[in-house]
Structure formats: structure tokens, C-alpha cells
Student: 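Got a structure for you, questions after.
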Amino acid sequence: MMNRKEFKVEDIRKDFPILKREVNGKPLIYFDNAATGQTPQQVIDVISHYYAHYNANIHRGVHQLSQEATDQYEAARQTLQQHFNAKHPHEIIFTSGTTHSINLVAHGFGSILKPGDLILVSAMEHHSNIVPWQMLCETTGAVMKVIPMTQEGELDLQQLDVLLSEQPKLVFVNHISNALGTINPIGVITKKAHDVGAAVLIDGAQACPHIKPDVQALDVDFYVTSAHKMCGPTGVGMLYAKEQWLKKLPPYQGGGEMISEVTFEKTTYADLPHKFEAGTPNICGGIAFGAAVDYMNAIGFDAIAAYENELLAYATKKLSAIEGLKIYGTSPNKTSVISFNIDGVHAYDLGTIVDKLGIAIRTGQHCAQPVMDFYGISGTARASFAFYNTKTEIDQFVTAIERAKRMLS
Ligand SMILES: *Cc1c(COP(=O)(O)O)cnc(C)c1O
């Protein structure tokens, strides 16, 4: 794929056909990137090329199409391995997304945890990194405790130390909070957890669109993400796990592809990564995930982060100037997500009015009700920016908000 020498947002926007459409008669301004990202033509082409030229089931056919599909699917796995710097390609498991990946690991820990074992969750998790563990606690008798957060929306690392002294077995934290934008210090948390013998799972769904994580440098045991937040399609994602963990955990689902030998008396499981990939996977999705990672790397994560930080600073300044507007999540270490409320205005009404002006934002709890409870609010409006957004769009957004505020208060 072509390497871009210079970051020019006007050129980048041309890659995204959806940015040309209108919503309610206005040019679309898409500020809901924390929920799902848009897809560039380069990735759309890979998807249509797959179905037009080599759609076939993988790993089991002797025919040409099956081999081409298998080669492309395995090449995508290697792209992910290199991108995340996993030691082996078989440490990358294709899943249907972050939620599936977390459930896979939580299910596996069902055979490891004993009644009374402690596991730690952070106070700022997405529901998909809370609920599977609660279900696990119900079946195993393990106990879940919460690493608290501060008013700025940062994890309280002193309290983490206190909780770690109780010898938890597992710690699970997001890399970046989807509700607040906070970037959590994963390297520090992982080191502290490993010092007391706890394993660490990182939910990277919100981080991967903005930064390039190095799983070996971070030394995490598990890292999970979804393709659709990083220019790829929905319904595909990844579980990275250290080889030793993948050997230790039992399979999540039984079926074709994940077996070595099947008789009615006994079945033996396939080698990694197939042990965790039962059934026909999202073949096209996996290949497109690889293409999405290539697309983002061609732009470069340093350029992406630098530009998004500019957007974040610009929008934070402009929004803060609006009277009665309060931003939730004010850590200096944050990415381009702004959660906010305006005095006397319901977030839902705000979202509805700006939608009439062609602007897509998110309103509500953002699948993180405990964060809303912490601030004593029912929800927020959330604008989240990607590298294809512009300052002009932010200006239009601010004007729209001021207008909505006049209408509603
Ligand atoms: C989006 C998101 C998820 C859920 O991802 P799915 O693709 O819906 O499985 C989990 N955690 C965080 C932090 C997210 O942003």
C-alpha cells in the first residue's frame, strides 16, 4: 500500500465515500467514532474483491479458491501479529470482536478460578468488560472488586496497590476509556499486577484507532480489540494472548475447524490458533481487518495521534467556552473523546437537534453506566473525533450546540 509522506486531511477525506453524503440536507459531520469508525474505499475494495474473486471456505479445500482465501486470511493474521508485535502468529485469534474476545477469556478462567478468588475490574469499563466477569463470578464463586477512579477520570493507582495486596488472580482494564477518553497507564498497571502474580487483560477497543500498542513491550497477557473502530468492518476482532495462556485455557466453542480428531468417545483439539476458531469464521472480515491495519499504518499512527490531539485541544477549548458546559474526563492523558453536558439541557435533546443539522454524536451512557453513576448523571453527549475530521467541522458543531442550547434552555 502506498506510503503517505504528508498528513493532508483533505486527501484522507477522499478515501472515505461516506463523508460525501448528506444527512437531513446537510453535509454529514461524523463525530461518533468511538462507537464505530468509517471505512475507507481501500478496505471496501478488499471486501468486494473477496466476494467477486475468491470467496471460498478456508483451511480445508484442496481447490484454488480455498487456497487463495486461506493464504489471504493467514496473511491478515500475520499483519495483526506484526502490528501488535505478538511473538507468534498463532497468538492472534480471530473473533467476532472485543465482546466475543472477552467472553472467550472469561469462559476459560471458569476452569481456573476457585471460590473466593479475587479479580479486579476498573471503575471505567465498558459493559463488555464487566458483565462477562460477573457471569464468571456467579459460576465460580470468585469475587470481583473495583479499582476506583478520580474526578478527573483517572484510575486511582494508590487504591490499585491496596487491592493488589489482596493477591488477585486477574486484572482487567481498558487501554482507553470509551466514555471519557482517558489513556490508562497499561505498562505500569501490568508491572504492578505481575509483581503479585496476577494476569492482565486489556480492552483495547478504544485505543487501537489512535495508537499502536506493542503487546510484548506492555507485557500484557491478553489484549482484545474490534476491527470496526479502526477502519475495518463490523463483526470481526481479535484476541491476542500469550502462547502459554492459549495452551492453558480450554476451547470456548466446539465445532468444525477447532478439532484434531473426533470420535464419539473422545475428541482432541486442534493446535493454536484453530483451537479457538470453531466453525467457518468471518473470512472476508479477517482479510479486511488486515487491510484496515495496513491502511492506518500507511498514514502512520504518529501522524494520526498528533492530528487528533490537535482536534482534541481545539474542540476542548471551544466547548469549554460555552457557558454551563461541563466536560467529564479531564485527564491530561486522553484521546479525542469529549463527553459533556450542558446545564438544564438533556443530552438526548441535544443529540436530536444536532442530528437535524447533519451532525452525528452519541448520547446516553456509552455502555459504561458505572461511570455515569460515579458522576451522578444519567448520561452525557459524546463527540469523538477521528483523523478524517476537521477543525471546520468542530466550528460547525460548536455553532450547532450553541443553537441547540438557546432552543432548549
Ligand atoms: C466498543 C467498545 C467495546 C465493545 O466492542 P464490540 O465491538 O461491540 O464488541 C468494548 N470496550 C470498549 C472500550 C469499547 O470502546
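Residue numbers count from 1 along this sequence. Predicted model only: the values in this text are computed from it and were never measured. Order of appearance sets the numbers: ligands from 1, and atoms from 1 within every ligand.
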Student: In terms of atom number and element, which parts of ligand 1 are under 4.0 angstrom from non-hydrogen atoms of Ser226?
Tutor: 5 (O), 6 (P), 7 (O), 9 (O)
Student: Would a line drawn from the ring center of Tyr30 to the ring center of Tyr388 be shorter than 6.0 Å?
Tutor: no
Student: Regarding Gln67 and Asp71, is there a side-chain donor-to-acceptor distance under 3.5 Å anywhere?
Tutor: no
Student: In the protein, which heavy atom is nearest to atom 9 (O) of ligand 1, and how far is it?
Tutor: Thr99 OG1, 2.6 Å
Student: Among His127, His126, His100, which one has a heavy atom closest to atom 3 (C) of ligand 1?
Tutor: His126
Student: Give me the nearest non-hydrogen protein atom to atom 14 (C) of ligand 1 as residue plus atom name, then the distance to 0.1 Å.
Tutor: Lys229 NZ, 2.9 Å
Student: With backbone taken as N, CA, C and O and side chain as the heavy atoms from C-beta onward, which portion of Glu125 lies under 4.0 Å from ligand 1: side chain, backbone, both, or neither?
Tutor: neither
Student: Do His83 and Asn297 get their side chains close enough for a donor-acceptor pair, meaning under 3.5 Å?
Tutor: yes
Student: Could you go through Glu125 and Ser122, starting from their C-alpha distance and side-chain angles, then the distance that decides it, and tell me whether this counts as side chain to side chain donor-acceptor pair (under 3.5 Å)?
Tutor: CA-CA 6 Å; Glu125 293 311 299; Ser122 102; 2.5 Å; yes
Student: Asn178 versus ligand 1: do any nitrogen or oxygen atoms come within less than 3.5 Å of each other?
Tutor: no
Student: Could you list the atoms of ligand 1 found under 4.0 angstrom from a heavy atom of Thr98?
Tutor: 5 (O), 9 (O), 10 (C)
Student: What's the shortest distance from atom 10 (C) of ligand 1 to any protein heavy atom, and which residue and atom give it?
Tutor: Ser128 OG, 3.1 Å
Student: Check Lys87, Lys191, Lys242 against Asp219 for a salt bridge (Lys or Arg N to Asp or Glu O under 4.0 Å) and give me the one that passes.
Tutor: Lys242
Student: Before accepting this row, confirm whether a basic side-chain N of the pair Arg13/Glu393 lies closer than 4.0 Å to the acidic partner's carboxylate O.
Tutor: yes
Student: Please report the closest heavy-atom contact between Met144 and Gln134, naming both atoms and the distance.
Tutor: CE-CG, 3.7 Å
Student: Under 4.0 Å from any heavy atom of Gln206, which atoms of ligand 1 are there?
Tutor: 14 (C), 15 (O)
Student: Polar contacts were defined as any N/O atom of the residue lying under 3.5 Å from an N/O atom of the ligand; does this apply to Asp203 and ligand 1?
Tutor: yes
